[in-house]
S.K.: 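Here it is, the structure in full.
Labels below follow one simple rule: chain letters A, B, ... track the order of the sequence lines, proteins then strands, and each chain is numbered from 1.
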Amino acid sequence: MKKAYTPKSIEAKWQKEWAKSGVYRQYGRKKKFYVLDMFPYPSGAGLHVGHPKGYIATDVLARMKQLQGYGVLHPMGWDAFGLPAEQFALKNKVHPEKAVKENIATFKKQLGKIGFTYDWEREINTTDPTYYKWTQWIFLQLWKKGLAYESNDPINWCPSCKTGLANEDLEQGKCERCGSIVEKRPLRQWVLKMTQYADRLLSDLDPPAGGEKLEWSESIKEQQRNWIGRSVGTEVTFCVADTEEEIHVYTTRVDTIFSCTYVILAPEHPLLKNLESRISNLGEVKKYIKKTISKSDLERTELNKEKTGVELKGIFVINPATTEKIPVWIADFVLGQYGTGAVFADAHDKRDFEMAKKYNIPLKVSIKPQNNELSWEKIESLEECFEADGVLVNSGQFNGLTSADARREITAWLIKEKLGKKKVNYKMRDWTFSRQRYWGEPIPLIHCEKCGIVAVPEKDLPVKLPKVKSYEPTGTGESPLASIASWVNVKCPKCRGAAKRETNTMPQWAGSSWYYLRFIDPKNSKALVDKKKEKKMMPVDVYVGGTEHATRHLLYARFWHKFLYDIKAVSGKEPFKKLVNQGLIVATDGRKMSKRWNNVVNPDDMVAQFGADAFRIYEMFMGPFTQSIAWNTDGVVGSKRFLEKVWKLQEKVSGIRYQVSGEKSIENLLHKTIKKVTEDIENFKFNTAISALMILVNALEKEVHLSRITYQTSLLLLSPFAPHISEELWHMMGNKKSIFLSEWPKWDAKKIVEEVKTVVVQVNGKVRAMFQIATGSDEEAVKTLALADAKVQTHIAGKQIRKVIYVQDKILNLVV
RNA sequence: GCCGGGAUGGUGGAAUGGUAGACACACGGGACUCAAAAUCCCGCGAUAGCAAUAUCAUGAGAGUUCGAGUCUCUCUCCCGGCACCA
């Protein structure tokens, strides 16, 4: 009696059985392997077929590693704080806590159908007070070390989300979440001193020889490098004529200093206040400042915008190189937050050049091109702006030096004259950490009139998020928590006097900046993580997720991890050893899957129609893992057919070790497949691993009988991809224990060697014949064979063989 | 503008400098069937040819090489990131 392949019943049965037996919890094993997915934010929309792609990949890897004898940690949890959860709740008129609970249930149900190895006993949720207790604890440690500070500087404010945002939360001047243009708004806020870690965040991407290399894609590393934006330059002092004041200017092009004819300050430069009394056109200047400061960064940095500025009449500074008195301007293209908020302007910078032309500010040149690619006449006559490195002219004692040499020499000279110093600058800013919204971790600080800012004692953590009637954002710069008097008013932990709680909450990224540690020790209420467990499991061996987190989550998590390393809470400097970024699955129409476009494919439907195993195989077979590919439901039938074939093969299994007629070739193919599949899974080349399995199965299908070992080995190779059918067939073969407690097959190098190889004969690089030859045949033997071939003869007839190239077991090329 | 990635049949894609198109989808033909589905077999880059076969063909153009999808240079287009950062 033949039993049909019925994925539905088989999958349900094994999912239940695996959960019951806890087959994945092999943490006692000596070798560990920690494979992690970027945990999802449980949105109301549920999963679409794009989400599981990464989860399936880690699952395949986790299953193979378990079979290879590792104790595998492969957990899952929920990143459930933050704006989207709150907005979903507001829109649907439910409390975020309830919405999150429901959404998690939906997600979990959907994931459950796909058959993952997740250890649900380690499930975590960033909104659980037992979890965010430790998020708050980390914040307190940062605060105690002076790495969290209160600031009143203008910050990015999203008028639609009604909250402050970090620089990382912007996308070309717009809110990453809702697309609104972000305003500048002065607001009291908490900021984390991420810039203090800038250098280490940069250098640990590529540690010097000996350091553990981060196996991340070059593109993600490059994005982080660009974001950190380290530059090495010189800070030059310009004395303000007739005063004690100094203007410090940062430049990477100190070689152009002799051509500096004016200095430009950012409109928010602090020195302006001190100089006010000396500015003769103060009204005009104030008007300009007012106009630019209210502008959003987007407007201010708009591309190709004409440069504007105002001269500070009556103010002059001394160019330290030329000792000339030069004018000072303010202009909105000079950014207050970068460098010193002041630049020296010269003819070798396009922006300065344009501005000078517009306002008739004098210019002069001091750099000459080294080769003649540009006309020196045009540069010298100020017709063209020359920005590149060259040779110095009109630069006194430094004439004749190359730009690179001059930067070194001039900086040395400025240092000697006490008019400058070497300076390293970063584009990255400190992390604006407070949000004026409800759905986040409360910042565990208390404001006391007498004692100032006081930390909530650790024993009182967590500071629980109170229930509140209205959690709508206020838009006043205060979070909705501020309106709950009973929560806000507390006693100062120090003096027991009246005090108020901090009402800002933490950003969405807080909880995800350390969650990988919690999975190691999810129930710990005494410490962030048990040190022994941490040392054993960290770092995460393989971390899989989308590229959109390159400069947000991945930067924040590295920053927190380094801090935790510094306070000796963790044992390593980097949290994620290997990072793999999956490509997006887009809809058939090429767009992102979204309710908005009505092009969402639900994995539940795919599982119902084809089974979880076929769905898993298809997602891995679609194309290269890191590449973005369009979904095509038609393609899933191929995976289903493949599994049907595997199912039918059981009828061919006999007790013979290797089937007689094809003994050698089947054994050879099997071992080649073991090698290919093992290596491909390790390298995330799942599509070619499955292709290899298909080739194997197609070959096995042609056999009359199959040995048990051949079939069982094939099932093992298939099991990471299609766990349910593999487990079912494994048991049908009479095995009592789970296939996942078995052992991953090893290939025998001797059995991969083929006795016969195909050698291609080319004449002048074109294929003319092919022979089967014994492996290792020498050139003479192959040449003799080739020359005897009729086809080859017609192509060399009447010509002389000038050269013969022979590649062992591969190719013979006759050049005539 | 800068940085990174890419372009191969009708489609998704494969290919340590060595037979381009593996594996699959779609399509066409056939077998089975009263019929259909499922399944199985055959074909499937283009052009010429009954065929054997020949020529062309990996975005465009050049180069290196006995031999290039793969290496080098120039260009076009697509995707992603950064961008008045001094």
S.K.: With RNA chain B as reference, determine whether A/Lys648 or A/Arg768 sits nearer its 5' end, using the nearest nucleotide of each.
M.R.: A/Lys648
S.K.: At 4.0 Å (heavy atoms only), tell me whether A/Ile629 reaches a base, stays on the sugar-phosphate, or touches nothing.
M.R.: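 The residue A/Ile629 makes sugar-phosphate contact but no base contact.
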S.K.: Which whole-number value in Å describes the distance from A/Arg230 CZ to B/rA86 C1'?
M.R.: 17 Å
S.K.: What contact category does A/Asp634 fall into here, base, sugar-phosphate, or nothing, at under 4.0 angstrom with non-hydrogen atoms?
M.R.: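 Counting heavy atoms under 4.0 Å across all strands, the contact made by A/Asp634 is with sugar-phosphate only.
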S.K.: How far apart are the C-alpha atoms of A/Phe610 and A/Leu643, what are their side-chain angles, what is the distance that settles it, and do they pass the side chain to side chain contact (heavy atoms under 4.5 Å, CB included) test?
M.R.: CA-CA 10 Å; A/Phe610 304 100; A/Leu643 293 177; over 6 Å; no
S.K.: Should A/Arg351 be listed as having a side-chain N or O under 4.0 Å from OP1 or OP2 of B/rC85?
M.R.: yes
S.K.: With a non-hydrogen cut-off below 4.0 angstrom, is A/Phe642 in contact with a base, only sugar-phosphate, or nothing?
M.R.: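 No contact.
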S.K.: Is there a donor-acceptor pair closer than 3.5 Å between any side-chain N or O of A/Gln224 and the backbone N or O of A/Ala550?
M.R.: yes
S.K.: Which nucleotide in the set B/rG18, B/rC84, B/rU19 lies at the smallest distance from any side-chain heavy atom of A/Asn813?
M.R.: B/rG18
S.K.: Heavy atoms only, 4.0 Å cut-off, all strands: where does A/His348 land among base, sugar-phosphate and nothing?
M.R.: nothing
S.K.: In whole Å, I'd like the distance from the CD1 atom of A/Ile805 to the C1' atom of B/rG17.
M.R.: 13 Å
S.K.: Please classify the nucleic acid contact of A/Val807 as base, sugar-phosphate, or nothing, using heavy-atom distances under 4.0 Å.
M.R.: base
S.K.: Hey, is the side chain of A/Lys307 pairing donor to acceptor with the base of B/rC84 inside 3.5 Å?
M.R.: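 Donor-acceptor pair under 3.5 Å: yes.
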S.K.: When all nucleic acid strands are considered with a 4.0 Å heavy-atom cut-off, which category describes A/Lys350: base, sugar-phosphate, or nothing?
M.R.: nothing
S.K.: So A/Val767, base contact, sugar-phosphate only, or nothing? Heavy-atom distance under 4.0 Å.
M.R.: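 Result for A/Val767 = sugar-phosphate.
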S.K.: Calculate the interatomic distance between A/Met622 atom CE and B/rG13 atom P; express it in whole Å.
M.R.: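 Between P of B/rG13 and CE of A/Met622: 8 Å.
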S.K.: Determine whether the side chains of A/Asp199 and A/Tyr426 contain a donor N or O and an acceptor N or O closer than 3.5 Å.
M.R.: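 Yes, because at least one side-chain N or O of A/Asp199 sits under 3.5 Å from a partner of the opposite role on A/Tyr426.
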S.K.: Could you state the CH2-P distance from A/Trp227 to B/rC82, rounded to the nearest angstrom?
M.R.: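 Rounded to the whole Å, the gap is 7 Å.
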S.K.: Classify A/Lys427 by what it touches in the nucleic acid, base, sugar-phosphate, or nothing, heavy-atom distance under 4.0 Å.
M.R.: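 Base, at least one base atom sits under 4.0 Å.
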S.K.: By nearest atom, which of the nucleotides B/rU19, B/rA22, B/rA86 is closest to the A/Thr758 side chain?
M.R.: B/rU19
S.K.: Here's a test of your reading of the structure: between A/Ala630 and A/Glu171, which maps to the more 5' nucleotide of RNA chain B?
M.R.: A/Ala630
S.K.: Students often get this wrong, so: under 4.0 angstrom with heavy atoms, is A/Asn698 touching a base, only sugar-phosphate, or nothing?
M.R.: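 Result for A/Asn698 = sugar-phosphate.
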S.K.: What is the nucleic acid contact for A/Gln627, judged by heavy atoms within less than 4.0 Å: base, sugar-phosphate only, or nothing?
M.R.: sugar-phosphate
S.K.: Taking atom P of B/rA22 as reference, at what distance in whole Å does atom CG of A/Leu669 sit?
M.R.: 17 Å
S.K.: What does B/rG63 pair with, Watson-Crick or G-U, if both distances are under 3.5 Å?
M.R.: B/rC71
S.K.: Does one side chain, of A/Asp430 or A/Thr195, offer a donor that lies under 3.5 Å from an acceptor on the other?
M.R.: yes
S.K.: Which whole-number value in Å describes the distance from A/Glu222 CD to B/rA83 C1'?
M.R.: 14 Å
S.K.: Both conditions, 6.0 Å and 45 degrees, for the charged tip of A/Lys307 above the ring of A/Phe333: are they met here?
M.R.: yes
S.K.: Report yes if at least one side-chain N or O of A/Asn581 is closer than 4.0 Å to OP1 or OP2 of B/rG5; otherwise report no.
M.R.: no
S.K.: Side chain of A/Tyr338 only, heavy atoms from C-beta on: which candidate in B/rC85, B/rC40, B/rA54 is closest?
M.R.: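 Of B/rC85, B/rC40, B/rA54, B/rC85 is nearest to the side chain of A/Tyr338.
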S.K.: Quickly, which of A/Asp389, A/Thr251, A/Asp346, A/Asp349 forms a side chain to side chain donor-acceptor pair (under 3.5 Å) with A/Thr256? Name it, please.
M.R.: A/Asp346
S.K.: Please tell me whether A/Asn698 and A/Lys645 have a donor and an acceptor in their side chains that are separated by less than 3.5 angstrom.
M.R.: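 Result is yes, a qualifying pair exists.
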S.K.: Looking across every strand, which nucleic acid part, if any, lies under 4.0 Å from A/Asn687 by heavy atom: base, sugar-phosphate, or nothing?
M.R.: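 Contact class for A/Asn687: sugar-phosphate only.
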S.K.: Contact class for A/Arg225 (heavy atom, under 4.0 Å): base, sugar-phosphate, or nothing?
M.R.: nothing
S.K.: Which one, B/rA22, B/rC25, B/rU53, comes nearest to the side chain of A/Lys791?
M.R.: B/rU53
S.K.: Output the single nucleotide from B/rC66, B/rA24, B/rA86 whose closest atom is nearest the side chain of A/Met694.
M.R.: B/rA24
S.K.: Check the angle between the aromatic planes of A/Tyr618 and A/Trp631 and answer parallel, tilted or perpendicular using the 30° and 60° thresholds.
M.R.: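 Perpendicular, since the angle between the ring planes exceeds 60°.
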S.K.: Grab the CD-P distance between A/Gln762 and B/rA54 for me, whole Å please.
M.R.: 13 Å
S.K.: Does a distance-only test, which skips hydrogens and angles, find a donor-acceptor pair under 3.5 Å between the side chain of A/Asn226 and the base of B/rC82?
M.R.: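 When only heavy-atom distances are counted, A/Asn226 does not reach the base of B/rC82 through any donor-acceptor pair under 3.5 Å.
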S.K.: Could you state the OH-C1' distance from A/Tyr262 to B/rA86, rounded to the nearest angstrom?
M.R.: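 Computing the A/Tyr262:OH to B/rA86:C1' distance gives 12 Å.
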S.K.: Could you give the distance separating B/rA68 and B/rG61 at their P atoms, to the nearest angstrom?
M.R.: 15 Å
S.K.: Between B/rA86, B/rC66, B/rC23, which one does the side chain of A/Thr252 approach most closely?
M.R.: B/rA86
S.K.: What's A/Val334 touching, base or sugar-phosphate or nothing? Going by heavy atoms closer than 4.0 Å.
M.R.: base
